[in-house]
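Everything on this sheet refers to the single structure shown next.
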Amino acid sequence: MRASIARAGAVIRKELAELRRNRLIVVTAVLLPVIFLIGPTATILTIKASALSTTLDKRVDYALFMPLMVSVLVPAVMSAYSVVGEREQGTLEPLLTTPVTRAELLTGKAAAVFVPAAVLGYLIFGIFVAITQLAAASPVAAAVRHAPQLPAALVFIPLLAAWAIWAGLAISTRVSDTRVAQQLAVLGSLPPVLIAALMSFQVITPTFTLVAALGGALLAVDCAACLVVARLFDRERLITGTRPSRGIPAPAAPQDIRSPAS
Amino acid sequence: MSGDSAVHQGLDETGTARARQAPRAVPAAVEVSHLTKVFGGRTAVSDVSFSVAGGEVFGFLGPNGAGKTTTVRILATLISPTAGSATVAGIPVGPEGAAEIRKRIAVMPESPGLYQRLTVTENLDYFACLSGLPRRQRRVTEALAAAGIADRAQDLAGSLSKGLRQRAALARTLQNQPAVMFLDEPTSGLDPVATHGVHGLIAGLRDRGVTVFLTTHRLEEAERLCDRVAIMSTSLRTIGRPEDLRAELFAASLDVTVAAALPGPGRVFDGLPAVQGWKDAGPAGSGPAGYVLTVTDPALAAPAVTRALVAAGADVLSITRSRHTLEDVYLELVAGTEGSPR
């Protein structure tokens, strides 16, 4: 797939401009992370310095897992709209008759969701860590600071966001109803969250090696997902909802063409 | 409307398309050969062949589900044919030529297809960028002016009336100066003033040498604007200049109206020069009566008919040449197939 940076950039700018001008989307995209910030922060701040280490560990596990959900839910919903939304606005047909390639279109659409989703994910995590370091009891703050999930989260935020985006885009190319696309995208984005959950709740201990291995694996899955979505992005299927037919048709009915001008 | 100057371009004083007189010796802009498209078990387009000359305004008519949009989508490289072949701007339609064709065409679907939350200028600039156009700002400005929507350039597309959205969509298709422009129902849902404006724009395109492939249900629109029309109903039913289609399908005739029914019309009309036959045009009564005369040469028949009527003592109210419209042609060819399984 040959891509032009100028065209992909145009797609990114257009997507961001549309997002920016839809206040409801901006408000909900910010509100959701804030909700996911309030719960974990309150959990950490209410732990007393004298709390048992097991209680402390459980709460820290929970608190460090919840912000990861932001990296999944926000991009899943946004990317699910990206193709089905074009269809809904009637812009898909004129868009697909331009020389823009699949690679440019998909890269642009994915980047336009990835950048705000990753920034939001890191921002929420940063705010959470900052608040806990400033306001939590000293042993609690130290527990958060030294939790093995913290570096793991930094690795997994962009990788989970990328997975959610490709899942959302894949569904968006095959579904004609926005609500169905968004619900399926949320469901489709959850499988890798399971791995993050296992690490966050220390069912598997997130050592450096394990995080690197799982991170590498998720990166490979993200790359493969990108290729799968590119294959799913078929102009004919997008326009007609059916697979391109290559078969030999039935014999045509005899024609009675009247052509006086010929 | 700032596009009024463009509105009248290409239309003569009667508002009909000019330049129908002589076929143009230019290479075909669109060439379709035995094109067939099957969706599952349903044949949408069956063995269709035609060509469109460069600079021609070509009308593509047919009932709903006749395969018009499918044909346009094949030519616009959105879907692939099941069988047959086509070229657009000299490039074969297929995976290899798709990107090149997309650089040379513009498609305006029935829905304007504008991003509601972007301004008109932003919409155009986005598509200009995707089309890789040089000097984008100038192109956008010129296209907006040509479409008569320059004064609304900074308005959000979602805030425009339907007529203005159609104009903005036309501006979007104009800006990449396409060799072939596909317009699908460009006046659908527009009021007469907005329709007139769009007609002017299409006529202006002809003057600029753009090949226009116009899909429409409005037969008077096709008759007014198109050099040639094709009537589809899954397969091609007919193709030609509107006047040729009328002449081929309908014999010349005269409409005769007299103050009172003739006691013996046969005695008056039979044997007159160039008159082949006659029939009553309406129920007999005490008021004016009408007759339709099939003639070989209206110019020869009309004076003879007038003389015969006067000699028979009839008060002649009018003798006019019957004019069949493209709608008559369309109904003659398509009415029987409308609603039949396709």
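Chain identifiers are assigned alphabetically (A, B, ...) following the order of the sequence lines, protein sequences preceding nucleic acid strands; residue numbering begins at 1 within each chain. None of these values were measured; they are calculated from a predicted model.
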> What residue, out of A/R20, A/K14, A/Q89, A/E86, has the most heavy-atom pairs lying under 4.5 Å from chain B?
Replying inline: A/K14
>> Does any backbone or side-chain atom of B/E110 lie under 4.5 Å from a heavy atom of chain A? Answer side chain, backbone, both or neither.
In response: neither
> Sub-3.5 Å donor-acceptor pair from the side chain of A/R235 to the main-chain atoms of B/L78, do we have one?
Replying inline: no
> How far does CG of A/D234 sit from OG of B/S80, to the nearest 0.5 angstrom?
Replying inline: 8.0 Å
> Based on non-hydrogen pairs under 4.5 Å, which of A/P94, A/A10, A/G90 is most in contact with chain B?
Replying inline: A/P94
>> Can you give me the closest heavy-atom contact between B/C129 and A/R7, atom names plus distance?
In response: O-CG, 3.8 Å
>> Minimum heavy-atom separation for A/R21 and B/L156, please, with both atom names.
In response: NH1-CD2, 4.1 Å
> Any Lys/Arg nitrogen of A/E236 or B/R73 sitting under 4.0 Å from an Asp/Glu carboxylate oxygen of the other?
Replying inline: no
> Any side-chain heavy atom of B/T77 within less than 4.5 Å of one from A/T97?
Replying inline: no
> Between B/L130 and A/P99, what is the shortest heavy-atom contact and its length?
Replying inline: O-CD, 3.7 Å
> What's the shortest heavy-atom distance between B/Y126 and A/L95, and which atoms?
Replying inline: OH-CD1, 3.8 Å
> Which atoms form the tightest heavy-atom contact between A/T98 and B/R102, and what is the distance?
Replying inline: O-CD, 3.1 Å
